[in-house]
Amino acid sequence: MILDVLAGTMMTVGCVLAVVATIGLQRFPDVFARMHAATKPATLGLALVLLGAALVVPDPGSRAKLVLVVILQTLTAPVGSHLVGRAAYRAGTELSEQTLVDELRDAVDTTGSRPD
Amino acid sequence: MILLTSVLLGLLAVSAALCLVRLLRGDSLADRIVALDTMLVVVVCGIAIGAVRSGSGIFLDVMVVASLLGFTGTALVARFIERRGAR
Amino acid sequence: MAVVAVLVLHGLLALAAGLSGRRLGRRVLLLVACGPLAAVVLLVAHALGLLGSGALATSVSWVPSIGLQFDLVLDGFGILFWWLIAGIGLLVMVYATRYFAPRDDLGLFASMLVLFAGAMLLLTSTDNVLVLFVAWELTSITSYLLIGFDDHRAEARASALQALLVTGAGGLALLGGLLLVAGSAGTTSLTGILVVAPTDPAAQAGFALVVLGAATKSAQVPVHFWLPGAMSAPTPVSAYLHSATMVKAGIYVLARFAPAIGPVVGWWAPVVVGLGGVTMLLGGWRALRATDLKELLAYGTVSQLGFIVLLVGHGDPELVHAGATLLLAHALFKATLFLAVGVIDHQAGTRDLRRLTGIARRMPTTALALLVAAASMAGVIPLFGFIAKEAALESTLHVGFGGPAMTAVVVVGSVLTAAYALRLVWGSLATKGPDEVDDDVVEPREVARPAPGFEGPAVVLTILTVAFGVWVAPADALVVGATTALVGPEAADIHLRLWHGFGLPLLLSSVALVGGWVVWRWPGSVRRVAVVTARVPDMEDVYRGSLRGLLAWADRITAVVQPGSLPLYGAVVLSTVLLLPGVAVLRNLALPEGLVVAESGLQVAITAIVVGAAIGAARVRRRLSAVLLLGAVGYGMAVLFVVQGAPDLALTQLLVETLSLAMFVLVLRRLPERFESTPWRFGRPLRVVVSLGTGIFVAVFTLVAAAANRQGTAAADFLERSLPEGGGRNVVNVILTDFRALDTLGEITVLVVAAIGIALMVRTPVEPDERGEVGP
Amino acid sequence: SPRRSVILDVVLDLVFRTAVLFGLFLLFAGHNAPGGGFVSGLVIGTALVLRYVAGGAAEVDRVLPLEEHVLLGAGLLLAFASGAAGWIFGGAFLYGAKATLEIPVLGTVNATSALVFDVGVDLVVIGLVLGLLRSLGAAADRDADDVDTRRGVAS
C-alpha cells in the first residue's frame, strides 16, 4: 500500500511539473529560456513518473524497460537541448531584450549564417 | 489508482495541448522542435501511466522507442538549423 | 512429331548461329541452312510415302487455359508452302554465302534468317489461330531486323521501320479479326472455324480485319508501298522474304478462309477479288516506270500478289487451283529474278538499268536464267509460268458471276506483266546504244565474272521452271494436294495440262504477249492512262504525313498535360479520386449503424491535437515547420494506436514518422526555405476545395468500406490459429511472417526496388541549372 | 570539423549501442511480444540516422562498411531461402516449421522458421535506410558542398 501512495505522489509531481513546464513554454520570451523550461519535464518529470510507475508495475521486464528509459532520457535530453541551443545561437536567433549579458558573443563565431 | 491515473492522463493531455500551441505559434524552428520534443516526453509519461493503469507492460516497448526517437528528431533538426539558420 | 522437331531445330540453329557467328564467318549461313534442309528431307520422305500418317499432325497444349493449343496439321496446302519456304530458303542461304563479303555480324543475319524460316514453317503448319498470330508477328519482327540489317544506312533503317509499322498494324488488325472470329466460332482451331463458318456481325467484322491484316502483309493496294521500300534489304532477304515466302503469308490466310467463307459471307469474294485486281493493275503499271531493277521487281511482285489474291480469294475450286499453281510458279521465277539481279548488282555495283549495258556477254549463265524466268513470268509457252497463266485464264472464263470482268483484268494485267518483263530483260542484259544509257555507265569489261557457286541457285530454280513446264506431273501432284486441302475432295479431278488446245485461253495469252511488246516498244501509246494514274496519291507520302502529324500531336499533348508543376499534378490526381470513386461512394452511401464517435475522453483530446497540428501544417509558410507539424500528427496517430491497444502499429507508426522526418530534413536542405505563393489567383481556393473534398471522401470511404464487409473479419480465425500453428502469441507478427508471408515477401521486394530507384535517381549527376542552384 | 559536437559524439556511442541492442531484442521478441523484423530494422535504421547526424556519411560508413545493396540482396535472398526451404521440406512455398531448441545459456527456446524470414525483412529495412542515407545524405552533401564552394560560402 505504501508503494502505491509513494508511486502516486511521484507520478503526480511529475505530471504537474510537465504542465508547469509547458505553461512556461508559452510565457518565456525567447528560445533559450523556453528550452530551459522544456528540459525540466524531459529529465526530472519523466524520471519521477517512470520510477513511480516502476514501483507499481508487476512484471520485472516492464520495470527494466522503465528504468532503461529513465537512464536513456537523463542522458539524451540534456544533449538534445544542448544541440538545439547551440544551433539556435549559431543560427543567430536574437536574444530577448531582458537578457543582461551574452557571454557567448565573442566566444562563438556566428559568421556562418548570421542574417546580415 | 484508476481515478488518479485518469487525472494524471488529463494533466498530460493539457500539457500536450500547450505544446501544440507553442508548435503552432513558435516563430523560430528551434521553438517548434523543442515543442515537438516535449510532446514526445509527454507521450512517454503517458504510456508509463497507461501501463500502470492497465497493468500490462506490452506498450513499454513503444515507450522505449518513443524516447529514443525524441532524441533523434531533435538532433536531426538541430543539425539542419545550424546549416540553414533558424530565422 | 517430325514437324515439331524441324521447328525446334530452326530455333536451336538460330541460337547457335547467333552465338558462333564471329568464329564461323560466312560458313555460319551453311550451318543455318541445315534447318530448311531438314524440312526438305521431311517433305521428300513424305512425298515418297516413307512417313507414317501421324507424322505430320501433332498436338501440344501450350496454354490450355486460353485455348492456346500448339497443334500442327501439315495438310496439302501447308506442304506446298513448306516446299517453297524450305526449298527457296536452302538456295537463298547457299547464295548468301557468296553474296556477302566476310563481316562479323553475319551470325545475327543467319540466326534471323533461320528464325524467319522457322516462323514461316510454323505459320503454315499450325491449326491454332493464336499460334498462327504469334508466328505472323515473328515474321514481321525478323523481317524488320533483316531489312534494316545494314543499319548504318539511314535509308535502310527508315524502310525497315516503315515495313514494321505497316505489317505491325496489319498484325494488330489480324489479331483482332482472329479473336472475333474465334469468339463467334467458339474455337481457336482454324479447321474448326472453317467448319462452323460463323456469319454473325462480330464474325463479319472479324473477317474484315483478317482481310486488312492479310492485305498489309501481302502488300495489296493501298498498303503496298512498304514492299518497294523494303528493297533496301540485302538481296538474299529480298529474294526470300519479299518475293517467295513472307509476302505470301497474307495469301495463305486468305486462301484458308476463302473456300469456306466465300460462299457464306456475301462481301468476301467481291472485296478480295477487287483488291487483288486493282493491286495487279497498279503494281504492273508502276513497274513500267521503275528504273531500279529491284524496285521494278518489287512492283512486279505487288502485281503478281494481286493476281494470286484475285484467284485464291474467290473460293471457287478451279480458281483456287489456278491460284495455287501461280503461287508455285511465281515463287520459282521471282526468286530467280531476284537472285539474278543480285548477281548483277554484286558484280556491276549498280542496279540502275540506265547504267547497265552488255551484261549478257559478261555473265551468260545468269543472263540465261534471267531471260527464262522473265519469260515464265510473262507466260511464254513451254514454261511453268505459261501453264499457270493458262489455268488462270481458263478458270476465270468458267466463273459465272463477274467472270468476264476477272478475265479482262487478268488479260490487261498480263499485258503489263509482259511489258515490264521485256523492260527488265532489255534493261538488265541488252547492249545499249549511247543515247539509251546515262553517262556514268558501267563499262561491261569492268564487270567481273561471278563465281560459279554464286550463280548456282538461280540456275537450279530456272531448271525447275523449265522442268515443271515440260513434265507437269510433280507440280500437278503438289497443286492438287494443296487444292483438295483447301476446297475439299471434289477438286481432285482438276489437273494441270501443258496444252489446252487452241481455245480462247491460248488466244488471250498470245494477245497479252503481243500487247506487252507493243506497250514496251511504244510507251507513247499509253500516255493518256498516265494522266489518270498521276492523280492517285502516292501512299508513301500519306504514310509519312500521318507519321509526322502523329508525332506533332503527341508533342502538343505532352506540353499541355505535363507542364512540370507538381501542385497541378497533385490537384489532377486528387480531383480524379474525388470524381470517380467519390461519386461512386456517394451513390451507394451505406454508413454503418451504431457509429461510435469516441470511447474515452483521451481519444477526443488526442484527436483534437492531431487535427490542430494538421491545420497548422497546412497553413504554415515554412517548409520544415510544416514537416514538424506533420511529425506531431504522426505521433498523435501513434498515441491513438496505443490507446486502441495496438502496440505493433504504434511502434511502426512512430518509427516511420521519425524516419520520414529525417528524410524530409535531408531533402529540404536543398530546397528554398518557404513555400512559393501560387501565382495563379484561383490557386489557393482550388487547393482548399480539392484537399477538403479529398479529406471528407477518405473519411466517408473508410466508413462505407468498413460497413460493406459482410463476411465477418478474418481476425478471429487468425487469433485462434496464431499460437498452435504459428508458434507465437503476437498474432500481428505471426501473420506477417507466417500466414501471409508471401505478401510480406512482395512488400520487401518493393522496398528493395524503391531503395535502388532512389539511389539511382539521386546519384545521376545533375548539372546545376543557370541559377547555380542544384535542382530539387 | 568545426561542426561536430563532442558532447553528441560521446553520448552517441552509448545510445547507438543501446538502440541497436534494443532493435535486436525487438526482432527476437517479435513473435510473442510487439516487435518483429520490420520494426527492428527501423530501430536500427534510426540508430544509423543518429550516426549520420553526428558525423555525416563518413561516420555511417565507418560503423557499417557494407554497401546498401549487399544488405538488400542478402535480406531478400534470406527471405526467399526460408520460403524455398519450406517448399523443399514442408511441401509448400513459405511453409513454416517449428522447433524447440535447448540452448545451454538461454534454456528452452522455441524457434520458428519465420524467424529466418524476419531476419531477412530486418536486413532489407536496414539496407533501405542505409541506402536512403547514402543517396539523400551523402550524395546531396557532395552536391551541396560543390554548390556552396562555387558560391564562396565556407560551409
Side-chain angles (χ1 to χ4, degrees), chain B residues 5-6 9-10 12-14 16-21 23-29 31-37 39-40 42-44 46-47 49-51 53-54 56-81 83-87, chain C residues 600-606 608-613 615-617 619-636 638-639 641-643 645-659 661-674 729-730:
Chain B
T5 48
S6 307
L9 283 177
L12 286 180
V14 164
L18 287 170
C19 284
L20 176 67
V21 169
L23 196 61
L24 292 173
R25 211 157 57 95
D27 37 21
S28 85
L29 273 178
D31 292 311
R32 289 209 163 98
I33 187 59
V34 163
L36 193 64
D37 193 35
M39 254 181 159
L40 267 178
V42 166
V43 164
V44 167
I47 295 176
I49 293 173
R53 184 180 158 83
S54 66
S56 83
I58 57 175
F59 288 109
L60 293 180
D61 295 331
V62 180
M63 179 185 66
V64 173
V65 166
S67 81
L68 179 70
L69 295 180
F71 172 62
T72 322
T74 323
L76 250 164
V77 176
R79 171 49 56 89
F80 175 84
I81 292 174
R83 169 189 283 275
R84 172 51 62 89
R87 282 173 302 286
Chain C
S600 76
L602 200 59
Q603 275 183 342
V604 172
I606 297 167
I609 291 173
V610 165
V611 168
I615 293 172
R619 288 171 52 81
V620 82
R621 303 297 307 151
R622 219 187 316 217
R623 289 177 193 257
L624 193 68
S625 310
V627 165
L628 290 178
L629 282 160
L630 268 183
V633 171
Y635 292 144
V639 173
F641 288 144
V642 168
V643 169
D648 279 281
L649 270 177
L651 264 173
T652 316
Q653 172 69 19
L654 270 174
L655 285 160
V656 166
E657 199 55 50
T658 312
L659 272 176
L661 179 69
M663 296 312 144
F664 266 124
V665 165
L666 290 180
V667 171
L668 286 186
R669 289 182 307 186
R670 312 295 317 127
L671 287 173
E673 208 178 305
R674 295 186 181 286
R729 275 187 301 281
N730 176 355

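Model, not experiment: these values are computed from the prediction. Every chain is numbered from 1, with letters handed out A, B, ... down the list of sequences.
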Looking only at G645(C), A608(C), A638(C), the option with the highest number of non-hydrogen pairs under 4.5 Å against chain B is G645(C)

Checked G631(C), A650(C), A632(C), S625(C) vs chain B; the most non-hydrogen pairs under 4.5 Å come from S625(C)

Are there over 12 heavy-atom neighbours, none belonging to F641(C), within less than 6.0 Å of that residue's CZ? yes

Chain C contacts, top residue of I47(B), V65(B), D61(B), T72(B) (heavy-atom pairs, under 4.5 Å): V65(B)

Interface moiety of I58(B) toward chain C, non-hydrogen atoms closer than 4.5 Å: both

Kindly compute the distance separating CD1 (I33(B)) from CG (L628(C)), expressed to the nearest 0.5 Å. 5.0 Å

Using non-hydrogen atoms only, which part of L69(B) is less than 4.5 Å away from chain C: side chain, backbone, both, or neither? both

Pairs touching residues 63-76 of chain B that satisfy salt bridge (Lys or Arg N to Asp or Glu O under 4.0 Å), sequence neighbours left out: none

Taken in chain and number order and not counting sequence neighbours, the residues that satisfy side chain to side chain donor-acceptor pair (under 3.5 Å) with S67(B) are none

If you take all heavy atoms of A66(B) and L654(C), which pair is closest and at what distance? CB-CD1, 3.9 Å

Of the listed L36(B), V14(B), L24(B), the one with the largest count of heavy-atom pairs under 4.5 Å with chain C is L36(B)

Between L40(B) and chain C, which part of the residue has a heavy atom less than 4.5 Å away: side chain, backbone, both or neither? side chain

Side chains of V43(B) and V642(C): closer than 4.5 Å at any heavy-atom pair? no

With only heavy atoms counted, which part of L655(C) is less than 4.5 Å from chain B, the side chain, the backbone, both or neither? both

Contacting moiety of V62(B), where chain C heavy atoms sit under 4.5 Å: both

As an exercise, state the distance from CG of L76(B) to CE of M663(C), rounded to the nearest 0.5 Å. 8.5 Å

Determine whether V665(C) and R79(B) satisfy the following criterion, side chain to side chain contact (heavy atoms under 4.5 Å, CB included), listing intermediate values before the conclusion. CA-CA 9 Å; V665(C) 165; R79(B) 171 49 56 89; over 6 Å; no

Honestly, the part of A662(C) sitting under 4.5 Å from a heavy atom of chain B is both

Heavy-atom pair count under 4.5 Å with chain B, highest-scoring of L624(C), L661(C), I606(C), D648(C): L624(C)

Could you grab the distance from atom CZ of F59(B) to atom CG of L651(C), nearest 0.5 Å is fine? 10.0 Å

Between L20(B) and G612(C) the two heavy atoms that sit nearest each other are CD2-CA, 4.1 Å

Side chain, backbone, both or neither of L602(C) within contact of chain B (heavy atoms, under 4.5 Å): side chain

Where does A646(C) contact chain B at under 4.5 Å (heavy atoms): side chain, backbone, both or neither? backbone

